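The structure under discussion appears below in the form of structure tokens.
Note that the coordinates shown come from a computational prediction; the quantities given were computed from them, not determined experimentally. Numbers for residues simply follow the sequence, beginning at 1.
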Amino acid sequence: MNHLDIKEIQKIIPHRHPFLLVDYIEDFKPGEYAVGYKCVTYREDFFQGHFPGQPVMPGVLTIEALAQVGAVAILSLEEHQGKTAFFGGIQKCRFRGMVKPGDKLKLETTIIKKMGPVGVGKAVASVDGKVVANAELTFVIGE
């Protein structure tokens, strides 16, 4: 198994606090897949307004976290090192549960298509084995 800590993740993708939404990568294979985690704490900036008295991680940030894990998979390929993976689209997205403070969010993205600088990843987010979101994420590799 290949694993990455936060400093190693930051060598691959350009995201930084407060927008880096992956704490560590448990396993990955360059160009094929990555499995990572976000340990959700009450101190996350977005909980101040989403929602006061009932904190819930915004679904779009769960999808962004999945995209960042997918970016680790694709940008760890030698030919893509130092580049950026941009969103090209989101398809078949479903939110199936809420992510709350204290949750350990598991993020799994598998690259299912690659056509030049464009690709698609199948992404699944879960908490305690229960799927909370899934989608197909299209990315475009840019400079």
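- In this structure, CG on L77 lies 8.5 Å from CD on E32, to the nearest 0.5 angstrom.
- Between D45 and P18, the shortest heavy-atom distance links the atoms OD2-CB, 3.6 Å.
- Annotation: side chain of F139 is in contact with side chain of I74 (closest heavy-atom distance under 4.5 Å).
- Between the T109 side chain and the L66 main chain, a donor and an acceptor come within less than 3.5 Å of each other.
- Within 6.0 Å of atom NE2 in H3, 12 or fewer heavy atoms from other residues, nucleotides or ligands are found, so the atom counts as exposed in its surroundings.
- In this structure, E136 does not pair ionically with K122, as no charged nitrogen and carboxylate oxygen lie closer than 4.0 Å.
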- After noting the C-alpha distance and the side-chain angles of F19 and Q68, does the key distance pass the side chain to side chain contact (heavy atoms under 4.5 Å, CB included) rule? CA-CA 10 Å; F19 212 68; Q68 289 179 19; 4.0 Å; yes

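- A donor-acceptor pair is defined here as one N or O able to donate and one able to accept, closer than 3.5 Å; such a pair exists between the side chain of H50 and the backbone of V56.
- No salt bridge links E64 with K38; every basic N to acidic carboxylate O contact stays at or beyond 4.0 Å.
- With K114 contributing its side chain and G31 its backbone, the two residues share a donor-acceptor pair below 3.5 Å.
- Of all heavy-atom pairs spanning A135 and I90, the tightest one is CB-CG2, 4.2 Å.
- A pairwise comparison of heavy atoms in T138 and V120 identifies OG1-CG2, 3.8 Å as the closest pair.
- A donor-acceptor contact shorter than 3.5 Å is absent between the side chain of D27 and the backbone of V35.
- D103 contributes no side-chain N or O that, together with a main-chain N or O of L105, makes up a donor-acceptor pair within less than 3.5 Å.
- L61 and V72 fall within a single hydrophobic cluster, where Ile, Leu, Val, Met, Phe, Trp and Tyr are joined by side-chain heavy atoms under 4.5 Å apart, directly or via other members.
- At distances below 3.5 Å, not a single donor-acceptor pair connects side-chain atoms of Q54 with backbone N or O atoms of F51.
- At least one side-chain heavy atom of M115 sits less than 4.5 Å from a side-chain heavy atom of K113.
- Proximity of a side-chain donor or acceptor of R16 to a complementary backbone N or O of Q10 within less than 3.5 Å is detected.
- The two residues G36 and V69 come nearest to each other via the heavy atoms N-CG1, 4.1 Å.
- By the 4.5 Å heavy-atom criterion applied to side chains, M1 and E26 are counted as neighbours.
- I13 and A71 get closest at one heavy-atom pair: CG2-CB, 3.7 Å.
- Relative to the six-membered ring of Y37, K106 misses at least one condition, a distance below 6.0 Å or an angle of at most 45° to the axis.
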